[in-house]
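Notes follow once the structure below has been shown.
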Amino acid sequence: TQGMSEFSGGLHLNLSGELDENIMLSAVLSDQDILLQPEGNTRDLEDIDQVYIALQHPKFSLDAGDINYRNSFGKLININRKVVGLNYNYKNNKVRGNTLIGSTKGRYMSIDIMGVDGVQGPYRLTSEQGSKNISIISASEKIWVDGKLMIRGANYDYVIDYSLAEITFTAKRLIHSDIDIFVEYEYVDGQYSQNIISGLYSSSISKNFKLITGVIREGDKTDNLPEESELYQKISGNNTSDLIINGAVEDSIGDYYFDSEIYCYDPGFINAHYKRYRVTFTYDSNGEYEKKVSTNGKVYYQYYENGNYTGSKDLYSPYQKISTPRSKDLLYTEGRLQLGNKLFLSGFFSRSRLDNNTLSELDNYENGGLYNLSFKIDSMKVGRVTYFISGSDQQRQKNYSSFGLDRDVRFKRFWDIDDIDKHDERESSLKFSADIENFSFSSFEFSKLNKGSIEKERFKIDQEINSGIATGTKLK
């Protein structure tokens, strides 16, 4: 399915009814997230993008099927996944809880893209291991340009080819070398599907104190990898690096046949007398095949017959790069305390654990933590002036691994750093604001960053006059 069209599928079937007092049942079939070509349509149930059943009650809800799972609060927990499973929510006056069990449709990834002067695209998205042989989950992408969230569509900011994992910006959003592009997306690379388990508990312990705690785990499934297989033995042999295996497997109903040392794509069995293969291709700068998309949206590979190849085209080879199965766990808790009407205190603690090979007996864990303390003094008025003061201190260990975006999308630009390498990091800030009634608003912020050998400081001033002949004057 490609995002090059200006319209999208419009099937949305919603059935609902009351099962019992205060209990509502609804069922939804929808393909409104599926972008269609002009000739496209939804023929089969498996083509439907969302199939789910929901139970609703004033104190609980249960969703089953295709779920857009969102778990976010503050700036440090921001989890979005397209999931097939069960999602249960519970709430009363003081307690709120959530439990999710399911499988993710794809693997989460975020990436910074360097813009090129005058080049609107296509810009290629890759896997976590740098592979270009991926497809993007429909409507899973979020794209920011200079900190602003973009809108998909030929009449808006960008279009995306989900099969080729390529983004092209429209003329409305001109790209140059001094622009910041940040992309979040979920992708499929044909290797492991993932299980996901998540739990959240939130309670108002007292009138002035609230506690939030949660846990989330994602892990690669290895059910389809028999223990007696050679591949299983290689992966479990205390190895964390990628394995290279032959991408061609003999298959009587495969889409390729082998002739004159070349794999030829022939899904219609026009040359049925050849031995058939199922072939997996991997990006290779020295490869001899190029990626194509058929008229019905299926990705295939074709031998590249061009002796004048100059390196501007992505090429592939018939082998498969297998990564080791991994799992990631995250435990987090936050306490929020209010002292009086003006003072607010908050403490956040999180620990992550990444297992780089779940089949290995060695300790392949990467453990890390993130800790944040903050305070805010809100609207303290003295005469005509209202004061606001806030501050925070955050420490992030180098091996900490989150499940989503937990920084400002322009973090590197704000601190003028080229890359976010793995280093222990500490970021502190203090902000003071003053609102003079019917005259002006002023804000002063001092921030400091320590990251590895990098030490940076930043002082920011914002001032706006809203009275007299200087009304509207801004200083930054």
**OP:** Decide yes or no on salt bridge (Lys or Arg N to Asp or Glu O under 4.0 Å) for Arg396 and Asp406, but give the supporting numbers first.
**Re:** CA-CA 11 Å; Arg396 181 194 303 262; Asp406 60 355; 3.0 Å; yes
**OP:** Assess whether salt bridge (Lys or Arg N to Asp or Glu O under 4.0 Å) is satisfied between Glu128 and Arg326, documenting all intermediate values.
**Re:** CA-CA 12 Å; Glu128 190 173 356; Arg326 302 187 302 166; 2.7 Å; yes
**OP:** Mind running side-chain contact (heavy atoms from CB on, under 4.5 Å) on Asn87 and Asn89 for me, showing each step along the way?
**Re:** CA-CA 7 Å; Asn87 187 32; Asn89 291 282; 3.6 Å; yes
Subject >> Candidate pair Tyr303 and Tyr289, rule ring-ring contact (aromatic ring centres under 6.0 Å, His included), full reasoning >> reply: CA-CA 4 Å; Tyr303 184 73; Tyr289 295 80; 5.8 Å; yes
Subject >> salt bridge (Lys or Arg N to Asp or Glu O under 4.0 Å) between Asp314 and Lys132, worked out >> reply: CA-CA 9 Å; Asp314 289 338; Lys132 298 182 179 182; 3.1 Å; yes
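Scored by the side chain to side chain donor-acceptor pair (under 3.5 Å) test, Tyr185 finds no partners at all (sequence neighbours excluded). A search for side chain to side chain contact (heavy atoms under 4.5 Å, CB included) contacts involving His273 returns Asn271, not counting sequence neighbours.
Using a 4.5 Å cut-off on side-chain heavy atoms (C-beta onward), Ser401 and Ser352 make contact. At least one side-chain heavy atom of Ile179 sits under 4.5 Å from a side-chain heavy atom of Val145.
A salt bridge links Arg413 with Asp180: the distance from a Lys NZ or Arg NE/NH1/NH2 to an Asp or Glu carboxylate oxygen falls below 4.0 Å. At a threshold of 4.0 Å, the pair Asp157-Arg173 counts as salt-bridged, since one of the basic side-chain nitrogens sits closer than that to a carboxylate oxygen. Using a cutoff of 4.0 Å between basic side-chain nitrogens and carboxylate oxygens, Glu250 and Arg278 are not scored as salt-bridged. Classification of Arg410 and Asp112 as a salt-bridged pair fails, no side-chain N sitting under 4.0 Å from a carboxylate O. The residues Arg107 and Asp220 are annotated as salt-bridged, a charged nitrogen and a carboxylate oxygen being separated by less than 4.0 angstrom. Salt-bridge annotation for Asp66 and Lys105: present, with a side-chain N of the basic residue lying under 4.0 Å from a carboxylate O of the acidic one. Using a 4.0 Å cut-off between charged nitrogen and carboxylate oxygen, Lys142 and Glu184 do not count as a salt-bridge pair. With respect to Lys298 and Asp255, a salt bridge is recorded, a charged nitrogen being found less than 4.0 Å from a carboxylate O.
Aromatic rings from Phe258 and Tyr263 are positioned such that their centres are separated by under 6.0 Å.
Other residues, nucleotides and ligands contribute only 12 or fewer heavy atoms inside 6.0 Å of the OH atom of Tyr156. More than 12 heavy-atom neighbours from other residues, nucleotides or ligands sit within 6.0 angstrom of NZ on Lys456. Other residues, nucleotides and ligands contribute at most 12 non-hydrogen atoms within 6.0 Å of the NZ atom of Lys275. For CD1 of Ile101, the number of neighbouring non-hydrogen atoms (other residues, nucleotides, ligands) closer than 6.0 Å is 12 at most. Atom NZ of Lys422 has more than 12 heavy atoms from other residues, nucleotides or ligands within 6.0 Å.
Taking each heavy atom of Gly106 and Ile137 in turn, the nearest pair found is CA-CG1, 4.1 Å.
Checked by atom type and distance alone, the side chain of Asp266 pairs as donor or acceptor with a backbone atom of Ile270 at under 3.5 Å. Judged by distance alone, with hydrogens and angles left aside, the side-chain atoms of Tyr162 form a donor-acceptor pair with the main-chain N or O of Ala139 at under 3.5 Å. In terms of modelled atom types and a separation under 3.5 Å, the side chain of Glu425 and the main chain of Leu449 share no donor-acceptor contact. Here the side chain of Ser140 pairs a donor or acceptor atom with the backbone of Glu186 at under 3.5 angstrom.
Each of Ser447, Ser374, Ser346, Ser429 was compared with Ser392 under the side-chain hydrogen bond (donor to acceptor under 3.5 Å, both in side chains) criterion, and only Ser429 meets it. When each of Ile143, Asp408, Leu405 is tested with Phe182 by the rule side chain to side chain contact (heavy atoms under 4.5 Å, CB included), just one qualifies, namely Leu405. Residue Phe281 is tested with Tyr301, Tyr265, Tyr319 for a ring-ring contact (aromatic ring centres under 6.0 Å, His included); the sole match is Tyr301.
Of the N and O atoms on the side chains of Lys91 and Ser61, not one donor lies less than 3.5 Å from an acceptor on the other residue. The closest side-chain donor-acceptor pair between Asp355 and Asn357, if any, does not fall under 3.5 angstrom. Side chain to side chain, Asn71 and Asn98 fail the donor-acceptor criterion of an N or O pair below 3.5 Å. Between the side chains of Gln191 and Ser323, at least one donor N or O lies within less than 3.5 Å of an accepting N or O. Between the side chains of Asp117 and Ser177, at least one donor N or O sits under 3.5 Å from an acceptor N or O. There is no side-chain donor-acceptor pair under 3.5 Å between Asn133 and Ser131. Tyr158 and Thr170 share no side-chain donor-acceptor pair at under 3.5 Å. Side-chain contact of Tyr400 with Ser350: a donor-acceptor pair under 3.5 Å is present, judged by distance alone. Between the side chains of Glu366 and Asn356, a donor-acceptor pair is found at a separation under 3.5 Å. If you check the side chains of Glu218 and Tyr108, you find no donor sitting under 3.5 Å from an acceptor. Using modelled atom types, one finds a donor on one side chain and an acceptor on the other under 3.5 Å when comparing Ser428 with Asp393.
The cationic atom of Arg96 (NZ for Lys, CZ for Arg) does not lie both less than 6.0 Å from the six-membered ring centre of Tyr90 and within 45° of the ring axis. A cation-pi arrangement is found for Arg353 relative to Tyr365, the charged atom lying closer than 6.0 Å to the ring centre and inside a 45° cone about the ring normal.
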